[in-house]
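Let me begin by presenting the structure, written as structure tokens, before commenting on it.
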Amino acid sequence: MINNKEKYTQFIKTEAQRLGFLSCGISKAGFLEQEAPRLEKWLKQNQHGSMSFMEEHFDKRLNPTLLVDDSKSVISLLLNYYPAEIQNQDSYKISKYAYGKDYHNVIKRKVIKLLKSIKREIGDVSGRAFVDIAPIMDKAWAAKSGLGWIGKNSNLLTQKVGSYYFIAELIIDLELQYDHPTTDHCGTCTACIDACPTQAIIAPYVVDGSKCISYFTIELKENMPLEMKGKMDDWIFGCDVCQDVCPWNKFSKPHNEPAFNPYPELLSYSKKDWEEITMDTFTKVFTNSPLKRTQFEGLKRNINFIK
């Protein structure tokens, strides 16, 4: 006979699939014991660079029960963003996750729909949706929930579809059946470590965020460090190198989310188009794009540093 935990768990996973999520895994909410010393060491060694927000809410970052009252379960969700078309190879490069509309709102709407479905089906369930902004270790929870393993490039990897997907969480005050971590399948491969243009992967499974091209092109607000000149590999927003070379990403399949379809301009722009882009064009074309994160001035800074 199916008990309520099993019944509710099956419903949530089926509903997540209906809403377009790639996969869904569930863990018991609690303190991330293994992550705590790693995070503390990473921060002490200043591998977060100028991202001071990473130092904030240390306890909450490791314990979702401090984020959501009476939380019992962390539901981890993956949403594919791998594009069917890749931008012009002779152009400046944009990370694939930024090809379409800003993912935060797209995913959050889906997670909130999932919560509403849970309330309709199960009853008085309280919860909160998280997409990349709040202090929660999404990759750690996804790995704990069996959705993949954290690879040598510090991304969540899966054997079936690689790593081109967003991670979101729904934390709720309902006990469910919990999944178990999967095994690591990086083996002896060092493709990501060998390919990183700035040697940001300083050891297997350890990324110095302050050396990462994504950090330089998005998070860093000051001038680019001169020692990075010639090492940016034409990336002006984000970087996909460690994912592009990962053998597991040969299994990536194009997404079916219309909001993530590429802006036509992004696919067709040449280097000259990017170099001549105006504030008006940037605002008009990329208003709802992740590119707005770096702002027009930041994008121009990146282009001017590389060209």
Side-chain angles (χ1 to χ4, degrees), residues 1-35 60-81 103-104 106-150 155-185 251 253 255-257:
M1 185 174 177
I2 297 178
N3 60 34
N4 279 347
K5 279 187 191 178
E6 186 178 351
K7 177 185 170 186
Y8 296 158
T9 301
Q10 286 177 353
F11 169 78
I12 290 167
K13 291 190 174 184
T14 301
E15 188 65 6
Q17 187 176 28
R18 186 188 71 79
L19 288 167
F21 287 106
L22 197 62
S23 49
C24 170
I26 306 173
S27 287
K28 182 178 176 63
F31 182 67
L32 289 169
E33 289 183 25
Q34 291 183 330
E35 294 300 324
K60 287 182 179 179
R61 203 173 286 279
L62 292 161
N63 192 347
T65 64
L66 301 177
L67 286 170
V68 179
D69 290 341
D70 299 319
S71 54
K72 302 287 193 300
S73 302
V74 179
I75 302 169
S76 293
L77 302 149
L78 305 184
L79 189 65
N80 184 18
Y81 68 79
Y103 61 93
H104 293 93
V106 175
I107 303 173
K108 195 155 192 177
R109 280 196 293 268
K110 288 181 181 289
V111 181
I112 289 170
K113 281 182 182 179
L114 177 59
L115 179 57
K116 287 180 177 176
S117 295
I118 291 169
K119 289 182 175 183
R120 271 198 309 270
E121 177 72 16
I122 299 171
D124 185 21
V125 177
S126 293
R128 187 177 166 193
F130 296 90
V131 183
D132 192 31
I133 296 174
I136 184 167
M137 303 190 74
D138 49 9
K139 288 182 285 189
W141 282 108
K144 192 176 174 69
S145 302
L147 296 185
W149 72 96
I150 296 177
N155 286 321
L156 185 80
L157 303 178
T158 66
Q159 288 179 289
K160 289 184 178 178
V161 290
S163 62
Y164 288 110
Y165 39 71
F166 300 114
I167 306 173
E169 292 79 35
L170 176 59
I171 300 177
I172 59 174
D173 63 349
L174 178 70
E175 286 192 14
L176 297 164
Q177 281 192 327
Y178 300 125
D179 296 300
H180 304 287
T182 185
T183 48
D184 185 314
H185 295 277
F251 299 112
K253 297 179 178 66
H255 66 77
N256 55 13
E257 173 52 62

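Because the structure is a prediction, the values reported are computed rather than measured. Scope of the values below: all heavy atoms of this structure, side chains included, with no hydrogens, waters or symmetry mates.
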(message) Nearest 0.5 Å, please: how far is CG in Leu79 from CD1 in Ile107?
(response) 5.0 Å
(message) Tell me the closest heavy-atom pair linking Lys253 and Lys160, and the distance in Å.
(response) NZ-O, 4.2 Å
(request) Mind running side chain to side chain contact (heavy atoms under 4.5 Å, CB included) on Ile136 and Arg128 for me, showing each step along the way? (result) CA-CA 12 Å; Ile136 184 167; Arg128 187 177 166 193; over 6 Å; no
(request) Could you check Lys139 against Ile167 for side chain to side chain contact (heavy atoms under 4.5 Å, CB included), going step by step and ending with a plain yes or no? (result) CA-CA 7 Å; Lys139 288 182 285 189; Ile167 306 173; 3.6 Å; yes
(request) Nearest 0.5 Å please: distance from the CG atom of Asp179 over to the NZ atom of Lys144. (result) 11.5 Å
(request) Taking the side chain as every heavy atom from C-beta outward, state whether Ser76 and Asp138 have any atom pair closer than 4.5 Å. (result) no
(request) Check whether any side-chain heavy atom of Ile118 lies under 4.5 Å from a side-chain heavy atom of Leu170, and answer yes or no. (result) yes
(request) Can you sort out the partners of Ala143 under side chain to side chain contact (heavy atoms under 4.5 Å, CB included), two or more places apart, ordered by chain and number? (result) Ile150, Leu156
(request) Would you mind reporting whether Ile26 and Val74 have side-chain heavy atoms less than 4.5 Å apart? (result) no
(message) Please give me the minimum heavy-atom distance between Ile112 and Ala129, naming the atom from each residue.
(response) CG1-CB, 4.3 Å
(message) Is it the case that atom NZ in Lys72 sees more than 12 heavy atoms from other parts of the structure closer than 6.0 Å?
(response) yes
(request) Determine the minimum heavy-atom distance between Val111 and Glu169, stating which atoms define it. (result) CG1-O, 3.9 Å
(message) Can you tell me how far apart NZ (Lys13) and CD (Gln17) are? Round to the nearest 0.5 Å.
(response) 11.0 Å
(message) For Ala29 versus Pro64, what's the shortest heavy-atom pair and its separation?
(response) CB-CG, 4.2 Å
(message) Are Thr14 and Arg18 packed together at the side-chain level, in the sense that at least one heavy-atom pair is separated by less than 4.5 angstrom?
(response) no
(message) Under a 3.5 Å distance rule, please check whether Asn80 uses its side chain to pair with a backbone N or O of Tyr165 as donor and acceptor.
(response) no
(message) Taking the side chain as everything from C-beta on, heavy atoms only, tell me whether Tyr8 gets closer than 4.5 Å to Val125.
(response) no
(request) Can you tell me which residue pairs pass the side-chain hydrogen bond (donor to acceptor under 3.5 Å, both in side chains) test with a partner in residues 118-127, sequence neighbours excluded? (result) Ser117-Arg120
(message) To the nearest 0.5 Å, what is the distance between CD1 on Ile12 and CD1 on Ile75?
(response) 4.0 Å
(request) Output yes when a side-chain donor or acceptor of Thr9 lies under 3.5 Å from a complementary backbone atom of Gln177, and no otherwise. (result) yes
(message) Tell me the closest heavy-atom pair linking Ala16 and Leu114, and the distance in Å.
(response) N-CD1, 4.0 Å
(message) Regarding Tyr178 and Ser73, do their side chains bring together a donor and an acceptor under 3.5 Å, going by distance alone?
(response) yes
(request) Might you work through the side chain to side chain contact (heavy atoms under 4.5 Å, CB included) test for Phe166 and Val131, ending with a clear yes or no? (result) CA-CA 9 Å; Phe166 300 114; Val131 183; over 6 Å; no
(message) With rounding to the nearest 0.5 angstrom, report the CG to CD distance, Leu176 to Glu6.
(response) 11.5 Å
(message) Taking CD in Gln159 as the centre, count heavy atoms belonging to other residues, nucleotides or ligands within less than 6.0 Å. Is the count above 12?
(response) yes
(request) Evaluate the side chain to side chain contact (heavy atoms under 4.5 Å, CB included) criterion for residues Leu77 and Leu19: first the C-alpha distance (whole Å), next the side-chain angles of each, then the deciding distance (0.1 Å), finally the verdict. (result) CA-CA 11 Å; Leu77 302 149; Leu19 288 167; over 6 Å; no
(request) Check whether any side-chain N or O of Asp184 sits under 3.5 Å from a backbone N or O of Trp149 as a donor-acceptor pair, and report yes or no. (result) no
(message) To check you understand the geometry: which heavy-atom pair defines the closest contact between Thr65 and Ser71, and what is its length?
(response) CA-OG, 3.1 Å
